[in-house]
Amino acid sequence: MVGRMATVSGWVETVRAHKNVAFVMLRDGTGVVQAVVGRKDVSAETWERAATLAQEACVLLAGTIRADPRSPGGFEMGVSGIDVAGASDDYPLQPKEHGVEFLLDHRHLWLRSSRQRAGLRVRAEVEQAIHDFLYENEFVRVDTPILTGAIGESAGALFETDYFGQRAFLAQTGQLYVECACPAFRKVYCFGPTFRAEKSKTRRHLTEFWMVEPEVAFADSDENMDLQEAFVSYVVRRALERCEKELATLERDTTALEAVVPPFPRISYSEAVERLVAEGHPFDWGADLGAPEERRVSSWFGKPVFVHDYPKSAKAFYMKENPADPRTVLCNDLLAPEGYGEIVGGSQREDDHGRLLARIREGDLPEEAYGWYLDLRKFGTFPHSGFGLGLERTVGWITGRPHIRELVPFPRTINRLAP
RNA sequence: UCCCGCGUAGCUCAGCUGGUAGAGCAGACGGCUGUUAACCGUCGGGUCGCAGGUUCGAGUCCUGCCGCGGGAGCCA
């Protein structure tokens, strides 16, 4: 490579032009290389081109690769020719601090910046790791519909649209469908975008986010948690192994991530409430844990923690009643450490037709919409469990970023539909 | 829906108890020993979010509205 003639195509990050030499930092999509243009080494026309290159112009550089300790990275290109393929006048983003609104308005350009590249590369690695883990563990991927007439968990937070005169909704979960595929393949999962019309304005919420939802026949709630901790540990390990550079760019302290190995601590909802009260944090048994309570619980442990067996009233209709304590259901949340909060929600599913129907009626849910879901309990019902892992929250935690909107290429939040 | 905070140059911000608009970056031009978000100099650049009000005088004080951010609730 050193000493050879080469051409590099890419985009100009910065230009530092002096009287007799100019330095061009060129991003080719895999990395950034320093290109050096010496005034005496090139034609007057090429020199003029180099000196006036604009930020983010697309160029083709011809030259020789050489080692030089003065170059960042130790190598650089000595340029002999420049071809400007795409000019870039008045590029709006500067290599400096910008406000959130400005950056999000320019998301289509912001993607090019180094931290955004790092975050999105980790996202891509995590997505790949998710598929690899599940594939290696003999899960079959089942793609579930985005347009649906059925309701997911609760009616309030659905985006509604018109479907040739019928009411349709954007899926807020693929779970009910993936349960149907369980008797076909035993271990299945879906992975795709989901939609919540919640008017949440926090660093942990998007209206469109990606969720992976495995579902396993004959798994009980404990085995469900076993799978979750193996899964999350695998994904974190993959990010550590294959995204070292990106995590360094993001200045992520990886020591906390190194600790993410099975087993994860497990604490029941009731135990958590007891301990909260004992610590002088008043809390009534029966309500769902709020964000402050979750933060407190996860602060007791140095790694992700399962909180399991919540009160029935705080959870979704499809969760199986806990035989040991019928006030509760067999479910779990997985709370990420360092204040990142809930990244997984899982449960053993109610497999008894009568009980499931009763829960649907108690919840005032549209019974007719769940007919096909109830059929699963009529034709060869079976114990099964599953969970949903939020991709952006997980990647936000792994990368240590303060807001999950940076971990999706084009975030959809309550006030943003463009770009 | 509720609570808190912020809207000043293209961008990031400063602007005191009210006295008539500023810096850095970006841009243009010039200078410059291999720079690391280079540096130095010159120049152009403003309906201080909008609408009212108080005042001799409002970027500054008051009211309403709009926009944005963070949090709560709800959730992954």
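A, B, ... follow the sequence lines: proteins, then strands. Residue 1 opens every chain.
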Roughly how far apart, to the nearest Å, are [N] and [M] at atom [atom1]?
N: B:C74; M: B:A14; atom1: C1'; result: 40 Å
N: B:G53; M: B:C13; atom1: C1'; result: 29 Å
N: B:C16; M: B:A72; atom1: P; result: 34 Å
N: B:U12; M: B:A76; atom1: C1'; result: 34 Å
N: B:G59; M: B:C75; atom1: C1'; result: 42 Å
N: B:A58; M: B:C43; atom1: C1'; result: 31 Å
N: B:U63; M: B:A21; atom1: C1'; result: 26 Å
N: B:C56; M: B:U20; atom1: C1'; result: 13 Å

Whole Å only: how far is the [atom1] atom of [X] from the [atom2] atom of [N]?
X: A:His18; N: B:C40; atom1: NE2; atom2: C1'; value: 12 Å
X: A:Lys201; N: B:G73; atom1: NZ; atom2: P; value: 16 Å
X: A:His98; N: B:G24; atom1: NE2; atom2: C1'; value: 13 Å
X: A:Lys96; N: B:C13; atom1: NZ; atom2: P; value: 8 Å
X: A:Arg16; N: B:U36; atom1: CZ; atom2: P; value: 7 Å
X: A:Leu417; N: B:G67; atom1: CG; atom2: P; value: 16 Å
X: A:Glu97; N: B:G10; atom1: CD; atom2: P; value: 20 Å
X: A:Asn415; N: B:C6; atom1: CG; atom2: P; value: 19 Å

Does CD in A:Glu160 sit with more than 12 non-hydrogen atoms of other residues, nucleotides or ligands closer than 6.0 Å?
yes
Looking at [X], does any N or O in its side chain come under 4.0 Å of the phosphate oxygens OP1/OP2 on [N]?
X: A:Arg196; N: B:C74; value: no
X: A:Asn20; N: B:G34; value: no
X: A:Arg405; N: B:G70; value: yes
X: A:Arg295; N: B:A72; value: yes

Is there a Watson-Crick or G-U wobble partner for [N] with both distances under 3.5 Å, and if so, which one is it?
N: B:U54; value: none
N: B:C74; value: none
N: B:G27; value: B:C43
N: B:U33; value: none
N: B:C6; value: B:G67

Base, sugar-phosphate or nothing for [X]? Non-hydrogen atoms, less than 4.0 Å.
X: A:His106; answer: nothing
X: A:Gln34; answer: base
X: A:Ser71; answer: base
X: A:Arg204; answer: base
X: A:Ile343; answer: sugar-phosphate
X: A:Glu76; answer: base
X: A:Phe209; answer: base

Check the pair A:Arg405 / A:His205 against side-chain contact (heavy atoms from CB on, under 4.5 Å), numbers first and verdict last.
CA-CA 8 Å; A:Arg405 69 184 155 217; A:His205 286 90; over 6 Å; no
Contact summary for A:Arg401 and A:Tyr340, nearest pair of heavy atoms:
O-OH, 3.0 Å
Identify the heavy atoms of A:Phe218 and A:Arg186 that sit nearest to each other, and give their distance.
CD1-NH2, 3.4 Å
So if I apply the salt bridge (Lys or Arg N to Asp or Glu O under 4.0 Å) rule between A:Arg123 and each of A:Glu246, A:Glu392, A:Glu406, which one comes out positive?
A:Glu392
Hey, is the side chain of [X] pairing donor to acceptor with the base of [N] inside 3.5 Å?
X: A:Gln94; N: B:U12; result: no
X: A:Arg393; N: B:C75; result: yes
X: A:Ser200; N: B:C75; result: no

Backbone N/O of A:Arg39 and side chain of A:Lys19: donor-acceptor pair under 3.5 Å:
no
Under 3.5 Å donor-acceptor, A:Asn137 side chain and A:Phe133 backbone:
yes
In terms of side-chain heavy atoms of [X], which of [options] is nearest?
X: A:Pro72; options: B:G34, B:G27, B:U35; result: B:U35
X: A:Arg70; options: B:U33, B:G34, B:A76; result: B:G34
X: A:Ala291; options: B:G27, B:A72, B:C75; result: B:A72
X: A:Val36; options: B:A76, B:C32, B:G34; result: B:G34
X: A:Glu198; options: B:A72, B:G34, B:A76; result: B:A76
X: A:Leu206; options: B:A76, B:G27, B:G34; result: B:A76

Evaluation steps, side-chain hydrogen bond (donor to acceptor under 3.5 Å, both in side chains), between A:Thr328 and A:Asn322
CA-CA 6 Å; A:Thr328 65; A:Asn322 181 4; 3.1 Å; yes
What I want to check is whether the side chains of A:Ser347 and A:Arg349 have a donor and an acceptor closer together than 3.5 Å.
yes
Reading RNA chain B from 5' onward, which residue's closest nucleotide shows up sooner: A:Leu104 or A:His205?
A:Leu104
Upstream residue (5' side of RNA chain B) when A:Arg416 and A:Gly290 are each assigned their closest nucleotide:
A:Arg416
Give a yes/no verdict on base stacking between B:G34 and A:Phe23: centres under 5.5 Å, planes within less than 30° of parallel.
no
